Protein chains: 2
Amino acid sequence: MMSRSIWLVSGVHLGTVKKDDNVCFSLQPMTRWYIASNQTTKNTAPAEGDENATDRSSYHHGDLRRALIEAAAGLVEESGPAGFSLREVARRAGVSHAAPAHHFGSTKGLLTAVASEGFELLTAAMRQARHGVEDPADQLRAVGRAYVSVSLGNAGHAAVMFRSDIVDHDDEFFAACGLDSYGQLQQTIEAIRDTYNPDLDVELVCKLVWSTAQGIVTLHSDFGPLDERRDVRTLELTQLLDGLVDLLLDGIRPR
Amino acid sequence: MMSRSIWLVSGVHLGTVKKDDNVCFSLQPMTRWYIASNQTTKNTAPAEGDENATDRSSYHHGDLRRALIEAAAGLVEESGPAGFSLREVARRAGVSHAAPAHHFGSTKGLLTAVASEGFELLTAAMRQARHGVEDPADQLRAVGRAYVSVSLGNAGHAAVMFRSDIVDHDDEFFAACGLDSYGQLQQTIEAIRDTYNPDLDVELVCKLVWSTAQGIVTLHSDFGPLDERRDVRTLELTQLLDGLVDLLLDGIRPR
DNA sequence: AGATGGATCTTGACATCATCTAGATAATCT
DNA sequence: AGATTATCTAGATGATGTCAAGATCCATCT
C-alpha cells in the first residue's frame with residue numbers, strides 16, 4: 001500500500017502516513033491536503049451529480065464530514081458557540097443524531113475541526129495578501145485587512161478559533177494550523193524589523209499584533225452598542241487596523 | 001415608601017427607584033449599591049454567625065444571590081464557560097436545582113451578573129491603579145497591570161466578560177458596568193493626549209488598547225503551548241503590557 | 001462472481017441539563 | 001395577628017451529549 005504525504009494549505013509538510021497508520025491527525029482527511037499535494041490520490045467527493053443534496057437518497061452521504069463542518073460553522077454563525085448542538089448540526093445535514101459524533105468523536109472534536117479550517121482559511125488569506133507587496137508596512141496593513149476579512153466572512157469559524165474551552169488544544173492538526181497562521185504574521189514582522197528597526201523584538205510585536213487583531217474582531221460586535229450608548233461615532237474595523245499599524249510604526253509622540 | 005438612589009461602585013448615578021418600580025436594573029440589588037450609597041438601607045447579608053455555611057439549616061439562605069455568583073465564578077474558572085451548568089452551581093451552593101433560575105432567570109442571567117461584577121472589579125482596580133500617578137504613560141502602564149491582575153485573579157469573571165453569546169448585552173446594569181470600565185481607560189488616554197499629543201485620536205487608541213488587553217489576556221493561555229511547540233521563550237503578561245505601552249508611545253521606527 | 005472486513009450511518013437508551021409550574025416556607029408589612 | 005410578598009423546593013417536560021449495538025454500503029481479495 002502506498003504512503004501519502006500530508007501537506008497543509010500553507011505548504012507545511014506534516015508527515016507521511018501509510019495505510020492503517022493510526023496517526024493523530026487522521027481526523028481531518030478532507031481539509032488536509034486539498035490544496036498542496038504532490039502525491040497519489042486526492043480526497044475527492046465521489047458524487048458529483050447530487051451536489052447540494054442534503055436530501056440524499058443513498059445510505060452513505062458521500063462527503064458527510066465536509067457537510068457537517070459547514071453546517072457547524074453555519075450554526076455557530078447564527079446562534080453563537082453557546083447555541084451550538086450536535087443534534088442540530090445533524091438535522092441540518094439531514095443525517096441521524098449520532099452521525100456527527102461518529103466522525104468527530106464529540107462536540108469538541110467537531111468544533112476543533114471548524115477552528116482548524118478557520119486557521120487554514122486565515123493562513124491562505126494572509127499569504128495571498130502579503131504576496132507581491134514590497135513595503136513591509138503595507139504588508140502588515142494587508143495582512144491585517146486579510147485577517148479582518150476572513151473573520152467577518154467566516155464568522156462561524158472566527159467565533160470558535162480562540163475559545164480554548166471549546167476546542168481541543170492538544171489536537172495536532174489544530175496546533176499545526178495555528179502555528180501556520182502565526183508564521184505568516186511572524187514573517188511580516190520580521191520584514192518590518194529588517195527594514196525599519198533591526199533591534200525590534202519580533203516575538204513581542206507578533207504577540208501584540210495578534211492579540212490586538214483578535215481583540216478587535218472579538219470586541220467589534222460589542223463596540224457597536226457601546227458606541228451607541230455613548231453617542232459616539234463608530235470606527236470601522238479597517239480604520240482600527242490601519243490606526244494600529246500607524247501607531248505601531250510611529251508611536252503616539254510626534255516627531 | 002421611600003425611594004432609593006442607585007449608584008455604581010464607580011460613582012455613577014444610575015437613577016432612583018421607588019417601591020414597586022419595575023426598573024430594568026432591578027436584577028442585581030446586591031452588587032449595585034454595595035459601595036456608594038448615600039441613602040437609606042444597604043443590602044446587607046442578615047446572618048453573620050453562619051458565615052461560610054453552605055450547610056445552612058434554615059430554609060432561607062440569607063445571601064443566596066451572592067453565594068450563587070461566587071459559585072458560578074468558581075465553576076467557570078474550573079471548567080470554563082462550556083462546562084458551566086446552573087444545576088452544578090445550585091449543588092455547590094447547597095440549594096435546590098431551580099433556585100438559581102429564580103434569582104437570575106436563566107443561565108444567561110447568572111453569567112451576566114458574573115460578568116457585571118467582573119467589570120466592577122476591573123473598574124475599581126483601574127481607578128485605584130491610576131490614583132496618585134502623575135505621568136500619563138505610567139498611568140497607562142499601571143492601568144494595564146491592573147487589568148491583567150484582575151483578569152488573572154478572577155479568571156472566572158474574566159472568562160465570561162466578553163462573550164457576547166453567553167451574556168445579555170441588553171442588560172442595563174451590565175452595560176453600565178462596561179461603560180464604567182471603559183471610562184477609566186478613556187480618562188487615561190485623554191491624559192496621554194493632553195501631555196504628549198493634542199491631535200491624538202483618543203477613541204481609536206482606547207479601542208486599540210482595550211482590544212489588545214483583552215486579546216492578551218484571552219490568548220495568554222494559548223501562547224504558552226504555542227511557545228513550547230516553537231521552542232521559544234515565553235513572555236510574561238507584564239512584559240507584553242509594558243511592551244505595548246512603549247511601542248504605542250514611541251513606535252517601531254527609531255528616532 | 002461471491003465472500004469478507006471495514007467504514008459509514010442509524011437506532012435506541014441513559015444520564016444530565018434548562019426551564020416551567022405549582023407548592024411549601026420564611027420574612028415583612030400593616 | 002393576619003395578610004402579603006419574597007424565597008426556595010419539588011416535579012415534570014423536552015432537548016442534549018454520549019455510548020452501545022445494529023444495519024447498510026463499499027472496497028478488496030480470492
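Every chain is numbered from 1, with letters handed out A, B, ... down the list of sequences. For the numbers below, each heavy atom of this structure counts, side chains included, while hydrogens, waters and symmetry mates do not. Small disclaimer: the values here were computed from a predicted structure and weren't measured.
Under a 4.0 Å N-O distance rule, the pair B/Asp165/A/Arg163 qualifies as a salt bridge.
Contact record, B/Ile69 with B/Ala113: CD1-CB, 4.0 Å, taken as the closest heavy-atom pair. When all heavy atoms of A/Ala71 and A/Arg92 are compared, the pair lying nearest together is CB-CB, 4.1 Å.
Between the CZ atom of A/Phe84 and the P atom of C/dC17 there is a distance of 19 Å, rounded to whole Å. Atom P of nucleotide D/dT16 and atom CD of A/Glu88 are separated by 7 Å, given to the nearest angstrom. The distance between atom CG of B/Leu86 and atom C1' of D/dT9, rounded to the nearest whole Å, is 16 Å. Look at CG on B/Leu75: it is 16 Å from P on C/dT16, rounded to the nearest Å. Rounded to an integer number of Å, the gap from CD1 of B/Ile166 to P of C/dC17 is 16 Å. Going from atom CZ of B/Arg65 over to atom P of D/dA6 covers 13 Å, rounded to whole Å. In this structure, the CG atom of B/Leu68 is 11 Å from the C1' atom of D/dC8, given to the nearest Å. Atom C1' of nucleotide C/dA18 and atom NE2 of B/His97 are separated by 10 Å, given to the nearest angstrom.
A tilted orientation is assigned to the rings of A/Tyr182 and A/Trp210, their planes being inclined by 30° to 60°.
In this structure, B/Ala98 reaches the bases: a heavy-atom distance under 4.0 Å links it to at least one base atom across the strands shown.
A donor-acceptor contact under 3.5 Å is not formed by the side chain of A/Arg87 with the base of D/dA15.
Checking the phosphate oxygens (OP1, OP2) of C/dT10, no side-chain nitrogen or oxygen of A/His102 falls inside 4.0 Å. Between D/dA10 and B/Ser96, no contact under 4.0 Å exists linking OP1 or OP2 to a side-chain N or O. Within the 4.0 Å cut-off from OP1 or OP2 of C/dT19, at least one side-chain nitrogen or oxygen of B/Thr107 is found.
Side-chain atoms of B/Ala99 lie closest to D/dT9 of the nucleotides C/dC9, D/dT18, D/dT9.
By the 6.0 Å and 45° rule, B/Arg65 stacks over the aromatic ring of B/Phe104.
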